[in-house]
Every structure is written in structure tokens, then in C-alpha cells.
K.L.:
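Provided herewith is a single structure, encoded as C-alpha cells, for subsequent inquiry.
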Amino acid sequence: MDDLDPAAPPSGEAIDPVAIQLSNFGEGGQGDLPPGAMPSEEDRPAAIITIPFTIQNAERFLTACETSHPRVTYGLGKKVAFNAVPGVDFTTVDCSGFVREAVRRSTNLGNNFPDGSVVQHDWVANKDFARDNVPSGSLRDNVVRIAFLSPNATTSGIGHVVLIHNGMTLESHGGVGPDSRPFNGNGWQALTTVFVLSGPVT
């Protein structure tokens, strides 16, 4: 697997252009944002914000995906219905589908958090969550961060998104599926844009 293209399916596997669109931009090219979920320029908050985040819920969701029978694997463009049961209601999920469901289970955002890694990036940026630097992702400071890899930074044109907590990712990536691995700022991670979602959490 290409270390600079974490959301691409394994080499040799055909890549459906529609699945790329779903992974990057969600349904209809705009995620699944309800009307009014994106603030207008005059309605944007004046201060940097964070949200309450129950990291244990996100970790439980990851573990359920990893230990389900069958194990949940990576599926480009594959999404998850809210509160779906891993291995029963779904067996594949892409990066933005996994992160969306982890956020929905761990915050009070519900369906206000969109699908599609590009749409998720724009939502987080437009809501004025604080920008952070890549090295901060390796800190064990109980802060919950989210990192985005632009489709323009990958050979496949597929973006990527991960949650980060205490130096480890919570993500779904090509060739594996839902997984956790160190966020050390190397490879594709060096090319990400990082934001603070919440923290520190306990």
C-alpha cells in the first residue's frame, strides 16, 4: 500500500469513480448536511470553538468494527447508518463514513456532522475549530483532533480523514478498514491539515 495514499484500495483493485466522489464529497457532492448546517459568513462564530467529545464511545465503535464477525473492512464510498451494528448492519466503511459515525456516537452533533472527507474538512474549517500543527497529533494530552488529507495530495485523488487521540488515530483505511495506528507526522500524515475538536477529554 502507498504510504502517501492511505484511503486508496489495495493495488490492483478497480477504483470506481462514483465511489471516489462519495468518499470525498458524500451524496450529491455536498455530504448530507441538513439545511442551514453550514453558517453563512455573517453567522460564523467569532471565537474558536470546541465540542464535548466522549472518546470512549469512539473507541468502543472502533473496537466493535475490529472484532465483529465478519470484521468490518475498508470499502471506498461505503457509509454507515446511524447506530448501525458493525458486522451485522454493515461490513465495509470508508474513512469519512467511519469518522462521521464515530463523531455522531461521541458528540451531540448528530446529523449536523456531514459525510465526505472534503465536506467534513470544510465544515470543521467554517465552524472555526482551531487549526493545529501536524506534530501536535503525537501528543498524549487527551485532546481530540481531526486531520484531513486533501485529494489533491494523493495519486488516486481520494482524500482521507482520521480522528486523533493521545498520539493514535481512529480511522478506516485502505487494505485494512477500521484501525488505530500511531500519528507520528510521517508519510501522508505530514501532508494533513489538523484541527482541534475537543479537549482535553477524560
Side-chain angles (χ1 to χ4, degrees), residues 1-33 57-107 109-111 113-124 146-165 168-183 187-189 191-192:
M1 185 192 328
D2 185 347
D3 188 46
L4 294 177
D5 210 346
S11 59
E13 186 176 310
I15 300 178
D16 178 1
V18 174
I20 293 177
Q21 285 295 107
L22 284 170
S23 184
N24 289 339
F25 300 103
E27 288 284 347
Q30 301 177 48
D32 61 352
L33 284 167
N57 289 354
E59 290 169 340
R60 276 193 287 271
F61 176 57
L62 172 63
T63 299
C65 290
E66 291 176 311
T67 60
S68 65
H69 298 285
R71 187 202 195 282
V72 175
T73 58
Y74 182 79
L76 183 63
K78 300 298 183 180
K79 307 303 177 182
V80 178
F82 185 45
N83 278 334
V85 178
V88 176
D89 299 321
F90 69 100
T91 57
T92 57
V93 65
D94 69 8
C95 60
S96 57
F98 173 84
V99 166
R100 178 182 61 169
E101 181 62 7
V103 168
R104 290 194 299 196
R105 291 176 183 229
S106 305
T107 71
L109 290 174
N111 285 331
F113 190 76
D115 179 38
S117 62
V118 173
V119 179
Q120 290 170 345
H121 169 273
D122 292 350
W123 189 91
V124 168
I146 189 167
F148 299 94
L149 178 67
S150 169
N152 297 328
T154 68
T155 303
S156 67
I158 304 168
H160 193 48
V161 56
V162 302
L163 296 172
I164 311 167
H165 179 248
M168 299 295 290
T169 67
L170 291 83
E171 60 177 311
S172 181
H173 58 95
V176 177
D179 191 20
S180 180
R181 52 188 173 167
F183 192 92
W188 63 270
Q189 296 174 2
L191 305 175
T192 59

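Heavy atoms only: backbone and side chains are in, while hydrogens, waters and symmetry mates are out.
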K.L.:
Is any side-chain heavy atom of Ile20 closer than 4.5 Å to a side-chain heavy atom of Phe25?
P.N.:
no

K.L.:
Are Val176 and Arg71 close enough that some pair of their side-chain heavy atoms sits under 4.5 Å apart?
P.N.:
yes

K.L.:
Is the distance between the ring centroids of Tyr74 and Phe98 under 6.0 Å?
P.N.:
no

K.L.:
Suppose we screen for ring pair (Phe, Tyr, Trp, His ring centres under 6.0 Å). Which residues come up paired with Phe183, at least two apart in sequence or across chains?
P.N.:
none

K.L.:
Could you tell me the separation between the SG atom of Cys95 and the CG atom of Leu163, rounded to the nearest 0.5 Å?
P.N.:
11.0 Å

K.L.:
Rounded at 0.5 Å granularity, tell me how far CG in Asn24 sits from CG in Asn152.
P.N.:
9.0 Å

K.L.:
Rounded to the nearest 0.5 Å, what separates atom CZ in Arg60 from atom SG in Cys65?
P.N.:
13.5 Å

K.L.:
Side chains of Ile15 and Leu76: does their closest heavy-atom pair fall under 4.5 Å?
P.N.:
yes

K.L.:
With sequence neighbours left out, what residues match Glu171 under salt bridge (charged side-chain N to carboxylate O under 4.0 Å, His left out)?
P.N.:
Arg181

K.L.:
As an exercise, state the distance from CG of Leu170 to OG1 of Thr63, rounded to the nearest 0.5 Å.
P.N.:
8.5 Å

K.L.:
Could you check whether any side-chain heavy atom of Asn111 comes within less than 4.5 Å of a side-chain heavy atom of Arg104, counting everything from C-beta outward?
P.N.:
yes

K.L.:
Name the one of Pro86, Ser172, Pro178 that satisfies side chain to side chain contact (heavy atoms under 4.5 Å, CB included) with Leu62?
P.N.:
Pro178

K.L.:
Do Asp5 side-chain atoms and Gly174 backbone N/O form a donor-acceptor pair below 3.5 Å?
P.N.:
no

K.L.:
Do Pro9 and Ile158 have side-chain heavy atoms sitting under 4.5 Å apart?
P.N.:
yes

K.L.:
With rounding to the nearest 0.5 angstrom, report the CD to OG distance, Glu101 to Ser106.
P.N.:
9.0 Å

K.L.:
Can you name the salt bridge (charged side-chain N to carboxylate O under 4.0 Å, His left out) partners of Lys79, sequence neighbours left out?
P.N.:
Asp94, Asp115

K.L.:
Take Phe148 and His160 through the side chain to side chain contact (heavy atoms under 4.5 Å, CB included) test and state the conclusion after the steps.
P.N.:
CA-CA 6 Å; Phe148 299 94; His160 193 48; over 6 Å; no

